[in-house]
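Before any comments, here is the structure.
Only this structure's heavy atoms are used, side chains among them; waters, hydrogens and symmetry mates stay out.
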Amino acid sequence: MSARPATDRPATGPVRPRRPRSKKALREQALAVDALLAEAWPDARCELDFTTPLELLVATVLSAQTTDKRVNQVTPVLFDRYRDAAAYASAPREELEEILRPLGFYRAKTASLQGLSAALVAEHGGEVPGTLEQLVRLPGVGRKTANVVLGNAFGVPGITVDTHVGRLARRLGWTKEKDPVKVEQAIAELLPKEEWTMACHRLIFHGRRVCHSRRPACGACVLAELCPSYGEGETDPDKARGLVTVV
DNA sequence: ATCCCGAGGG
DNA sequence: CCCTCTGGAT
């Protein structure tokens, strides 16, 4: 009858796909998402500069609420001056604070770094341990930091749930949970282990550049047709709580 | 103003 | 659950 084939897609853009129902369908969606992000962000990687597990651990602890770029500006002098955990632990507090000041939270970060280093010396002979349980037990090291170190310095698959990964996982329909551990478990069930580390880097890149917390750029998103949240650009599910922000 | 790959403490 | 720690870029 109609010359134009029936379609459920309006001319304005992709229709929001139905949330995948089965675990199998969700897994397929997640795999497709990861593949598209791998194409979109071939350079996704850990952007902190480091050469050893200790350097990455230190850089990651310092990266809280700061850009990686800024961390990379202070770590050369830091890594040059302090070569091992004992050096951080015994350094004069003011000296460290001076170096870390541009990062923000510099007093807290100095205390954290020195406490962490003291624990490394006392409990691990100054070496950075290579398991999640041991890393998380260190003061100042949370699950996110531990997984960064595992994934990027030890080559152990790690799921890094930061603000971006959590937000994207929820928007993509992978979970409704806010608890990072539950988000981590959801991702673990959806993506093959060997993809975990890089998949998180891609999600983070995508979150920073396209799928922003506020006003995500759905029109420029390669995941549009796979995303159950497509077009919810005016609503921030993390913060709006049902309110629609003014465009 | 808002954002930046958080963690610990109350 | 909330709050705090903190500074620089955009």
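- Atom-to-atom, CZ of A/R202 to C1' of B/dC5 comes out at 16 Å; the value is rounded to the nearest Å.
- Here the P atom of nucleotide B/dC4 and the CG atom of A/L100 are 22 Å apart, to the nearest Å.
- Counting non-hydrogen atoms under 4.0 angstrom, A/R107 reaches the backbone sugars and phosphates but no base.
- At C/dA9, one or more side-chain N or O atoms of A/R70 fall inside 4.0 Å of OP1 or OP2 (strictly under the cut-off).
- Ranking B/dC3, B/dA7, B/dC4 by closeness to the A/T145 side chain, first place goes to B/dA7.
- We find that CZ of A/R137 is positioned 18 Å from C1' of B/dG8, with the value rounded to whole Å.
- Atom CG in A/L57 sits roughly 18 Å away from atom P in B/dC5 (whole-Å rounding).
- Taking atom CG of A/L103 as the reference point, atom C1' of B/dC3 lies 16 Å away to the nearest angstrom.
- One can place NZ of A/K144 at 11 Å from C1' of B/dC4, the figure rounded to the nearest angstrom.
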Determine whether A/Y82 and A/E95 satisfy the following criterion, side chain to side chain donor-acceptor pair (under 3.5 Å), listing intermediate values before the conclusion. CA-CA 11 Å; A/Y82 311 104; A/E95 190 178 297; 2.6 Å; yes
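- Under 4.0 angstrom from either OP1 or OP2 of B/dT2 there lies no side-chain N or O belonging to A/H212.
- Regarding A/L116, its CG atom lies at a distance of 11 Å from the P atom of B/dA7, rounded to whole Å.
- Contacts of A/V141 with the nucleic acid, taken as non-hydrogen atoms under 4.0 Å apart, involve only primed sugar atoms and P, OP1 or OP2.
- For A/F105, counting side-chain heavy atoms from C-beta on, the closest listed nucleotide (B/dC3, B/dC5, C/dT6) is C/dT6.
- Between the side chains of A/T66 and A/K109, at least one donor-acceptor pair of N or O atoms lies under 3.5 Å.
- When all heavy atoms of A/Q29 and A/P228 are compared, the pair lying nearest together is NE2-CD, 4.0 Å.
- The P atoms of C/dT4 and B/dC5 are separated by 23 Å, rounded to the nearest whole Å.
- Taking the side chain as every heavy atom from C-beta outward, A/E47 and A/F205 approach each other to under 4.5 Å.
- Across C/dC5, C/dG7, B/dC3, the shortest atom-to-atom separation from the side chain of A/A108 is found for C/dC5.
- Here the P atom of nucleotide B/dC5 and the CG atom of A/D49 are 14 Å apart, to the nearest Å.
- Checked by distance alone, A/H201 brings a side-chain donor or acceptor within 3.5 Å of a matching partner on the base of B/dC5.
- Spacing between C/dT6 and B/dG10 at atom P, rounded to whole Å, works out to 15 Å.
- Within the structure, every side-chain polar atom (N or O) of A/Q65 is placed at least 4.0 Å from both OP1 and OP2 of C/dT6.
- Nucleotides B/dA7 and C/dA9, compared at atom P, are 24 Å apart to the nearest Å.
- Within 6.0 Å of the CD atom in A/Q73, the count of heavy atoms belonging to other residues, nucleotides or ligands exceeds 12.
- For the residue pair A/Q134/A/T131, the side-chain donor-acceptor check at 3.5 Å is satisfied.
- Ranked by how close their nearest DNA chain C nucleotide is to the 5' end, A/Y106 and A/K69 are led by A/Y106.
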